[in-house]
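The structure appears right after this line, and notes come after that.
Just so we're on the same page: letters track the sequence lines, and every chain starts at 1. Every value quoted in this text rests on a predicted model; they were computed, and no experiment measured them.
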Amino acid sequence: MYILVSRTVDGNVAVSTLTDTGAARSPSRSLSTAEFLGFVRDHEALMPRWVWDDTARWYPQLLAAGIRVQRGHDLRLCHVILRNSELTATSQLARAAPGVWDSASVPDSPAAVSNDTLFDLAFGAETSASGGIIAQDRGVGGTQPGDVDAYAELISQLDAVASCAEPGRLRLLLAAESAGALIAAEMQFAGLPWRSDIHANLLTAELGPRVAHGVRPVRLEELARQIRAALDDASLNPDSQQDLLRALRRADVAVASTRAWELKKVTHPVVEPLLEYKKLSRLLGANGWHWMDTWIVGGRFHPEYVPGGVVTGRWATRGGGALQLPKQVRGAVVADDGWKLVVADAAQLEPRILAALSADTAMAAAGRGKDLYEGIVTSKVVETRAQAKVAMLGAMYGATTGESGRLLPRLARAYPRALALTETAARSGERGDIVTTRLGRSSPRPDENWRATQAQAYDPAASATDERRARSQARDWGRFTRNFIVQGSAAEWALCWMAEIRKALWDLERPDEKRVIDDTMTGPAPAFDHSPHLVFFLHDEVIVHTPAEFAGEVTRIITEAATTAGRLLFGDFPVDFLLTVATVDSYAEAQ
DNA sequence: ACGATTCGCGCG
DNA sequence: AAAGCGCGCGAATCGT
């Protein structure tokens with residue numbers, strides 16, 4: 001059963017019920033926001049799939065009211081997939097002219113104030129000034145898809161899937177993508193446990209006492225002094241790459257840029273303080289006191305996750321740099337008293353995905369029950385684990401030179417099917433064709449400029465430069481499609497993994513628990529205050545925050561979910577998806 | 001003065 | 001030329 005949810009012109013919420021095929025639809029009911037909350041609460045027991053234009057617009061207000069839903073269908077995210085998928089290329093949906101569902105983001109509406117409401121409810125009114133950090137800037141202007149649009153869109157999507165050659169793949173992808181959207185909203189709401197006191201101590205130990213935003217801390221000031229002395233330039237600003245490069249050249253330091261890796265290659269008294277300056281300057285700028293003040297609220301880090309934010313299907317984040325959380329500061333991620341963090345990451349995920357995609361049983365065997373790179377060494381393909389890793393990455397990213405390039409022929413001999421798949425994907429991209437992931441997400445087509453450059457190279461009057469540029473550009477796009485098919489399929493595995501984890505954690509919850517919103521609350525968010533829940537996701541890694549007594553059960557759930565995800569994508573193909581799982585108090589312990 | 005672009009570096 | 005993919009972010013710098 002589907003329940004279609006949309007906004008009416010007068011600001012109410014329209015709901016109607018559909019059968020699984022979309023064939024029969026109940027009359028639409030118009031509800032106030034308060035009535036809508038009650039409606040969802042009452043109907044969730046029927047386990048419907050809630051259909052709405054954009055999970056990020058609807059779900060936060062439900063979470064704020066202590067309501068979670070088990071299943072969703074995000075029309076916007078699913079539309080993007082179906083619009084571009086090779087599998088649905090002949091559908092009405094894909095052939096129609098671009099419309100509201102193709103705009104970059106579903107436009108904002110009066111409902112967006114719920115973001116501030118959410119913040120007030122969850123964290124207390126005194127924080128409302130910073131409330132906008134959740135889900136703001138989702139776009140302005142334009143028309144919001146209404147009741148009729150949403151219904152027509154759902155029917156169009158169901159039709160596109162039903163009429164394609166392998167509907168099972170896309171059905172799974174759309175369900176996983178939609179589950180991801182629910183998880184993203186829940187993780188943003190719950191937040192990652194963050195100890196500001198530990199973080200602040202770390203900053204002071206590294207940088208010196210706290211200073212105002214824009215002021216250089218004492219440790220950085222001291223290093224700047226040493227750099228100026230070493231380069232004999234009393235007015236040098238080490239934050240200016242241009243100044244720095246000029247000063248380095250004056251001092252006869254042979255570097256083409258100020259990048260750290262390049263500085264490490266040369267010997268000069270300035271190198272040590274300069275590298276230290278860069279490291280600490282990065283810490284201050286990216287995760288310093290200002291970051292802490294902006295992003296840590298009520299002992300939680302609440303990044304905005306953006307499902308489908310990357311063309312390959314990976315998630316992106318907006319604000320806070322959640323997907324770049326440096327190892328340096330992970331010690332501040334600490335479980336609440338009586339709670340644990342269960343940290344799990346998929347070992348060598350992309351090579352395993354490649355082995356399964358290409359049905360390369362030899363490569364899959366190399367990873368059976370053990371580290372896949374070690375398995376490649378055991379099979380005598382290369383000598384060391386480091387070589388196996390660099391060779392595999394080279395195969396998936398399209399390396400042609402260096403150690404990686406030199407090792408590729410050995411990899412190709414041992415794993416011809418896997419390497420043939422990446423090569424075929426690269427050739428498709430070079431021709432301007434698209435490639436498609438395991439579940440049916442297709443790569444974008446290159447833009448007009450790209451095609452024009454290629455066409456130009458075929459002109460009899462084309463210069464050698466034209467041809468070189470066209471060839472180079474074609475290879476660039478080939479490396480993109482080569483990687484797309486692996487990275488995108490790995491993202492699908494990760495979505496399925498997470499969706500299975502969420503489902504199993506849900507079943508752990510005790511149904512009789514009543515959750516109450518208390519505006520003086522400072523601990524975990526209301527919908528998650530007693531039970532294990534996902535708090536972080538990083539491409540191939542998840543963190544579950546759990547009462548200590550459930551940690552063993554959570555570990556089992558995460559491990560079984562990995563096996564289930566592998567089966568969902570690859571059926572009986574014998575490939576293992578191994579995890580490293582750790583139950584810890586602090587994220588820093590899990591590395 | 002201010003938005004767009006580039007550099008450099010963090011993560012997978 | 002960090003040899004090879006995908007991102008976000010802050011500061012400096014460029015362009016208007």
Side-chain angles (χ1 to χ4, degrees), chain A residues 137 213-214 216 220 237-246 255-265 274-275 277-288 290-291 294-295 303-330 345-351 353-354 389-408 411 422 425-426 429 435 437 441 443-444 472 475-491 493-494 536-542 587 591:
Chain A
D137 296 329
H213 187 48
R216 197 178 270 149
L220 278 176
N237 171 14
D239 293 320
S240 163
Q241 295 141 19
Q242 290 182 337
D243 276 17
L244 198 51
L245 195 55
R246 267 194 294 272
V255 287
S257 72
T258 66
R259 292 186 179 95
W261 64 266
E262 210 165 345
L263 291 165
K264 281 174 191 155
K265 295 193 302 196
L274 185 50
L275 288 174
Y277 183 92
K278 280 171 161 289
K279 195 178 115 214
L280 294 181
S281 169
R282 167 79 192 182
L283 173 64
L284 174 68
N287 298 99
H290 182 64
W291 179 89
T294 309
W295 295 104
E304 183 189 357
Y305 297 93
V306 187
V310 179
V311 279
T312 58
R314 275 187 173 183
W315 288 13
T317 53
R318 202 155 24 212
L323 300 184
Q324 303 127 260
L325 208 62
K327 303 218 157 130
Q328 213 178 359
V329 302
R330 292 184 183 181
D345 80 273
Q348 306 95 40
L349 177 59
E350 292 193 349
I353 292 289
L354 173 59
K389 183 173 179 175
V390 75
M392 276 302 317
L393 292 177
M396 293 184 298
Y397 294 164
T400 54
T401 63
E403 191 187 14
S404 185
R406 280 194 299 279
L407 292 167
L408 278 180
L411 214 57
T422 59
V435 297
T437 60
R441 193 187 308 259
S443 63
S472 155
R475 287 206 195 102
D476 288 348
W477 198 258
R479 284 194 303 277
F480 166 63
T481 52
R482 170 199 294 272
N483 186 247
F484 182 97
I485 194 165
V486 178
Q487 186 184 115
S489 299
W493 180 90
F536 196 58
F537 171 57
L538 188 55
H539 306 315
D540 59 0
E541 178 176 351
V542 296
Y587 190 14
Q591 299 156 31

Tell me whether the OP1 or OP2 atom of B/dC7 has a side-chain N or O from A/Thr258 closer than 4.0 Å. no
Provide, to the nearest angstrom, the distance between the CZ atom belonging to A/Arg246 and the P atom belonging to C/dA12. 14 Å
Using a 4.5 Å cut-off on heavy atoms from C-beta on, say whether the side chain of A/Leu220 contacts that of A/Ser281. yes
To the nearest angstrom, how far is A/Trp291 atom CH2 from B/dC9 atom P? 21 Å
Student check: side-chain heavy atoms of A/Gln487 and A/Val310 closer than 4.5 Å: yes
For the pair A/Arg314 and A/Glu350, find out whether any cationic side-chain nitrogen is under 4.0 Å from an anionic carboxylate oxygen. yes
Side-chain N,O (A/Arg259) to OP1/OP2 (C/dA2) below 4.0 Å: yes
From the set C/dA12, C/dG4, B/dG10, return the single nucleotide nearest to any side-chain atom of A/Pro326. B/dG10
Using whole Å, what does the distance between atom C1' of nucleotide B/dG12 and atom CD of A/Glu350 come to? 8 Å
Within this structure, what is the CZ-to-P distance between A/Phe536 and B/dG12, rounded to whole angstrom? 9 Å
Indicate the ring-plane relationship of A/Trp477 and A/Phe480, choosing parallel, tilted or perpendicular according to the 30° and 60° boundaries. tilted
Atom pair distance, as rounded to whole Å: NZ in A/Lys265 and C1' in C/dA2: 8 Å
Can you tell me which nucleotide in B/dC9, C/dG4, C/dA2 comes closest to the side chain of A/Val390? C/dG4
Could you pull out the protein-nucleic contacts involving nucleotides 5-9 of chain C (nitrogen or oxygen on both sides, under 3.5 Å)?
{"unit_1": "C/dC5", "atom_1": "OP1", "unit_2": "A/Arg479", "atom_2": "NE", "d": "2.7"}
{"unit_1": "C/dC5", "atom_1": "OP1", "unit_2": "A/Arg479", "atom_2": "NH2", "d": "3.3"}
{"unit_1": "C/dG6", "atom_1": "O4'", "unit_2": "A/Gln487", "atom_2": "NE2", "d": "3.1"}
{"unit_1": "C/dG8", "atom_1": "O4'", "unit_2": "A/Gln324", "atom_2": "OE1", "d": "3.0"}
{"unit_1": "C/dG8", "atom_1": "N2", "unit_2": "A/Gln324", "atom_2": "NE2", "d": "3.2"}
{"unit_1": "C/dG8", "atom_1": "N3", "unit_2": "A/Gln324", "atom_2": "NE2", "d": "2.6"}
{"unit_1": "C/dC9", "atom_1": "OP1", "unit_2": "A/Gly319", "atom_2": "N", "d": "2.1"}

Expressed in whole Å, how much space separates the P atoms belonging to B/dC7 and C/dA1? 9 Å
Are any of the side-chain heavy atoms of A/Asp239 and A/Tyr277 separated by less than 4.5 Å? yes
Give one of base, sugar-phosphate or nothing for A/Val329, where a contact means two heavy atoms less than 4.0 Å apart. nothing
Considering every strand and a 4.0 Å limit on heavy-atom distances, what is the contact class for A/Arg330: base, sugar-phosphate, or nothing? sugar-phosphate
Side-chain touch A/Pro307/A/Phe537, heavy atoms, less than 4.5 angstrom: no
Within the structure provided, determine whether A/Leu274 and A/Thr258 are in side-chain contact (heavy-atom separation under 4.5 Å). no
Anything under 30° is parallel, anything over 60° is perpendicular, the rest tilted; go ahead and classify A/Tyr587 against A/Phe536. perpendicular
B/dG12, OP1 or OP2 - any side-chain N/O from A/Lys327 closer than 4.0 Å? yes
Name the nucleic acid region contacted by A/Gln242, choosing base, sugar-phosphate or nothing; use a 4.0 angstrom heavy-atom cut-off, strictly under. sugar-phosphate
Whole angstrom is fine here: how far is it from CE in A/Met392 over to C1' in C/dA3? 17 Å
Pairing of DNA chain B as dot-bracket, 5' to 3': ( ) intra-strand, [ ] crossing, | other strand, . unpaired, with Watson-Crick or G-U pairs under 3.5 Å? ||||||||||||
Between C1' of B/dC9 and NZ of A/Lys264, the distance in whole Å: 10 Å
Measure NZ/A/Lys279 against P/B/dC9 and give the value in whole Å, please. 13 Å
Taking the same atom, P, in C/dG4 and in B/dG12, what whole-Å distance lies between them? 22 Å
NA contact type, A/Leu538, heavy-atom cut-off 4.0 Å: base, sugar-phosphate, or nothing? sugar-phosphate
Looking only at the side chains, is there a donor atom on one of A/Glu262 and A/Ser257 sitting less than 3.5 Å from an acceptor on the other? yes
With the side chain counted from C-beta on, respond yes when A/Met392 and A/Leu354 share a heavy-atom pair under 4.5 Å apart, and no when they do not. yes
Name the closest nucleotide to the A/Thr401 side chain, picking from C/dG4, B/dC9, B/dC7. C/dG4
